[in-house]
Structures are given as C-alpha cells and as structure tokens.
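Worksheet: the structure to be examined is printed underneath.
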Amino acid sequence: MIGPDDVGGVHIKYLYHCRRQLWLYLRGIRPEHLSATVQLGEAVHDTSYTRNTPVDLGAAKLDFIDGQHWVHEVKSSTRTTPADQAQGRHYCHRLYLVGIDAQGTVLHYPKTRRTQRHPYTPEAADQALADIADVLAVATASTSPDRLTRTACRGCSFTDYCWTE
Amino acid sequence: MPAAARTYWLTSPCRIRRKDESLIIERDNADNVHIPVTDVRDIVACAETDLNTAVVSLLNRHRINVHLLSYYGDYAGSLLTSDTSTSGETVLAQARAAQDPQAGLAIARSIVDACAFNVRRVVDRKLLTRPYAVLQASVKTSTNQAQLMGAEGTFRRSAWEVMDTKLPDWLQLAGRSRRPPKNVGNAFISYVNGITYARVLTAVRLTPLHSGIAFLHGTMERQRHSLVLDLSEMFKPLMAERLLLRMSRRNQLKEHHFDRDTNQAMLSDAGRKLVVQTVRDEFAVTVAHRSLNRNVAYDELLYLEALALTRHCLEGTTYKPFRIWW
Ligand code: SF4
C-alpha cells in the first residue's frame, strides 16, 4: 500500500487524532475537500506569513525553515495538540533524511498570537520513526478501526462519513 | 458540503469565459456576471451554453463539473474534471460487492424497495398500499436485476395511474414516455429527473466510488454512470413526482410553461426557468438528520447517500437506502 517514504504530515496528524481517520484517508475517503473547517484552515495559510514559500519534501509539506534550521508550522487551531507536535517531529525527521539538521519545530497559532518550540531531541527522533511504523501498521490493517465516541468526533471532518446511518 | 462553494444554475443561453481566476457569464440582453472560481462547486447548464478551452482548464483545476441539460430537457451529459476522488482500494471493494451475487442483489433489492417506498410516500400512501405489498413480495423472490426492474416497473405504472387521478387533464401522464416525452407531465418528470441525475453524479464524484459500477442497473450500461442511475432512484420521487403534484395543486404550472405539438412536449423558456428555480430551492430545503444531529439540505442527502454506500463497500456496514422519513 504505502511505504515509509510516502508517509506525510497528514498521515501523522490523523494517526494521532484518530486511527480510523487514517485508515479511511488511505482508502480515499477525503471529506476534507468538502469541509468548511478545512477551507478555513486553508484561508489562514493564504493570509498569514505570506513572505515565506512552503518547502516541499515529497510526501511532507512544511511551511518554512528559518536560517537556524527551525521548522515553522502555522496552525489554524487555538491550542496545541499532540498531533501538531508529532507532525513537526515528522518534518524534522524528513529534513534529517535529506541532510538538514533540523533544530526542532516552532508551532505558530495566529489566532492566539502564541508560538511553541519543540526541539528535535534523540528521543523525538526515535518517536518520529515509531510514528511512521504505526502509520504503516494502520495502513495494512484489513478492517477499519472502530469509531471514537460521538463526543470525541465533534469537529472531525469525517463525521458525515462515520456517523450517517 | 462546502459552505462557500455553490451550484450555479444557468437558465438562459450564455457563454462562459475566463478572466484570470474568475468565470464571466455573458448573456444576450443582460449584464455579464463575474464569479470567482472558488465560489463554484458545480454548474448546471439548463440552456444553450458555450465555453472554451481556457474555461475548461480552469474548471478542471478546481474540480468543477458542468452538467448539460439538452434543449429537450433530457440530461445531455457532463463535462467532468479529469481529477476524481476514486481510490483503488475502495473501487475494488465496490466491484467485489457488485460482483458478489448475494451482496449485490441485496443492495439492488433494497434500492427498489426504498424507491417504491418513496413513491408511495409522495403519491398516495393508501391507494398504493396493495401495489407496494405486491412489489415487496416480488422483490423477495427476484433473483436478478431484470426481475427487480420488472417489479419496479409494475409498481411505477400503478403509481402513475394514481398520480393521474390527482392531476388536471392537461398535466396527466398517461403512462411514462421519454425521448421525447409525449406530453407535458412527462416533459416535467424527465426534466426534473435529469437534474436529479446530475446532482447525484456530482455527489458520487466527491466520494471514492466509481460511478460506473452499479448494483441495480447494469454496470457500465450504455456508457452511462450506472451507479448514478442506482442512487438516483430513491431521490427521483422526492423531487419529480412530489414537485409535479405540488405545483399542480398550487396552480403554479400553466400552459405557457410548455411547448407542445401532437406527439411531444417540452418545457418552454419560461417553464424551464420556473422549474429550475423550484427544483433549486427544493434542493436547499433542510431537514433534521437523525443520526448526524443537524439539519441537512436535500442536496446534501445525495452526498450522504453516496457516503453510506461507500461505507457499505469498504467496511461492510449495512446499507439502508434513503427513505423519506419526514
Ligand atoms: S468522525 Fe470520529 S471516528 Fe470518524 S474519523 Fe473522525 S474522529 Fe475518527
């Protein structure tokens, strides 16, 4: 299905948010095209930090890297989540693979004007590898993981798919 | 469905041109309209429409489909963007379900039942009690698609007879006729069915399903999107039969809404505008959805239906085709 090199930031994000979401995403369920919340996310991208060009790393896309090799990620949410951090970690790993010693991630939350730094430590590097292995394990599972609870699904753009009867 | 992007309905002859990232709709005797392309989900062209390569490539990039309804009111075809959402694994699962004699037939049966249920619901519950019971019995014993279609046909004929008793003489169907519709009632039904088909096609294209692999209709039948034919079944009565009865009851349809000669009929320009307007408004009507806990528009029901079928193919959840529940 997919190999380690195909694992991108979205896969990592979904892995942390909901394994079922990752499983479905890998099978072409992409309701994020339709979701108003995601469109909002894209609007945030377009309007903030326009000076910096996104860097394309194949399966991973990141917002920009500064001169000190910190990866900057712009988030449309207000609070940081484990998924955001995992995504940042993944980008650092990717950069490392192409020979760039990333220092870590800076997560930007324009809505609350906060930033958060997460250094890329050896432990983080191990975790980044473990995350990729986890994504591949979900990918090859023959049946779909169960739904989260109805309340945990609130705000997920897959709700229409998962909860329509 | 996206909040920002909308369906655009073109009801008078026009030309679509491209200017940078927007579409310009040019009409005779009317001002040009500029539409930012991000505002468009899809376009239903109900009147003669010209467009060129520049427009097509812009539409393609933004995954916007254009549905063309012919002058005579039939669905003529669609300009579909080359980029679809189909996914290999989902299409394989769909094909497996369609090929499995038991699973495939079960879906086809439930579609026919749901369709008849909806027809009965909008036409006349009481008068169609018996035909519906007959249909359910033959659905149970049917072992292939042709028998199911036959059973549906029989039920439909009873339903049209009952419909005729509720329509004024000039709107009566006297049996279903297509290509061309023989009378104004049939012209109305054909036109609304064409629009419904186009809306379902848009919905299916948003899912990873393949529009050509079907359960009730023959797969790839006549080069058409057979799955769209399957899924349209349940929604046609909600739109066509229901609106015909309603518009007739309210005296909204007039003779000048149709052009007719001895053996065929079609909507006139005025009629087309009125019908498109009505159908468009109807697709925007919302109902409380029971499991999603929110209001959904009729238009969205089509998409949810396609999602439910996706889920059935991919995860084996039971597929219960759409029944009018309100
Ligand atoms: S709706 Fe719930 S179960 Fe479905 S993908 Fe989202 S979080 Fe997971």
Side-chain angles (χ1 to χ4, degrees), chain A residues 1-3 6 8 10-11 14 18-47 76 135-165, chain B residues 1-6 21 38-39 41-42 62-64 81 83-94 202-210 289-294 296-297 299-323 325:
Chain A
M1 192 170 189
I2 62 168
D6 306 315
V10 176
H11 298 123
Y14 287 175
C18 167
R19 287 180 175 235
R20 176 176 163 78
Q21 187 177 25
L22 172 60
W23 191 92
L24 293 170
Y25 178 81
L26 288 163
R27 281 152 186 82
I29 313 294
R30 306 281 168 95
E32 76 276 17
H33 287 304
L34 309 170
S35 144
T37 27
V38 172
Q39 285 187 349
L40 191 64
E42 281 167 9
V44 170
H45 257 225
D46 290 347
T47 51
S76 55
V135 168
L136 297 178
V138 172
T140 47
S142 59
T143 53
S144 54
D146 286 342
R147 295 186 290 206
L148 302 183
T149 62
R150 193 70 173 87
T151 35
C153 294
R154 191 170 300 140
C156 173
S157 59
F158 285 57
T159 335
D160 282 353
Y161 175 87
C162 289
W163 292 95
T164 187
E165 297 300 342
Chain B
M1 293 269 183
R6 299 187 281 141
E21 292 297 293
T38 47
D39 195 35
R41 183 173 65 206
D42 61 353
H62 291 267
R63 297 173 46 111
I64 297 165
T81 61
D83 185 14
T84 72
S85 316
T86 53
S87 103
E89 223 180 306
T90 307
V91 173
L92 282 176
Q94 180 188 359
T202 286
V204 167
R205 297 272 297 190
L206 292 170
T207 73
L209 293 174
H210 194 294
H289 193 285
R290 291 175 298 185
S291 64
L292 290 179
N293 295 328
R294 63 179 168 87
V296 298
D299 202 15
E300 210 176 342
L301 290 174
L302 313 180
Y303 171 65
L304 293 174
E305 189 70 9
L307 279 186
L309 187 59
T310 311
R311 207 166 81 197
H312 171 76
C313 294
L314 206 52
E315 304 185 70
T317 41
T318 30
Y319 169 57
K320 292 192 224 108
F322 164 74
R323 282 162 193 256
W325 68 75

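Proteins come first, then strands; the chains are lettered A, B, ... in the order of their sequence lines, and each starts at number 1.
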Quick one: of B:Asn293, B:Thr317, B:Leu304, who has the most non-hydrogen atom pairs under 4.5 Å with chain A? B:Leu304
Look at B:Thr318, B:Thr90, B:Leu292 and state which one has the largest set of heavy-atom pairs under 4.5 Å with chain A. B:Leu292
Is the shortest heavy-atom distance from the side chain of B:Pro208 to the side chain of B:Leu314 under 4.5 Å? no
Between B:His312 and B:Tyr319, how do the two ring planes meet: parallel, tilted or perpendicular, split at 30° and 60°? tilted
Examine whether an atom of A:Thr143 lies under 4.5 Å from a heavy atom of chain B, and if so say whether it belongs to the side chain, the backbone or both; otherwise answer neither. neither
Regarding A:Arg20 and B:Glu315, does a basic nitrogen lie under 4.0 Å from an acidic carboxylate oxygen? yes
Name all residues meeting the side chain to side chain donor-acceptor pair (under 3.5 Å) criterion together with B:Arg323; count only those two or more places apart in sequence or in a different chain, and write none if there are none. B:Asp113
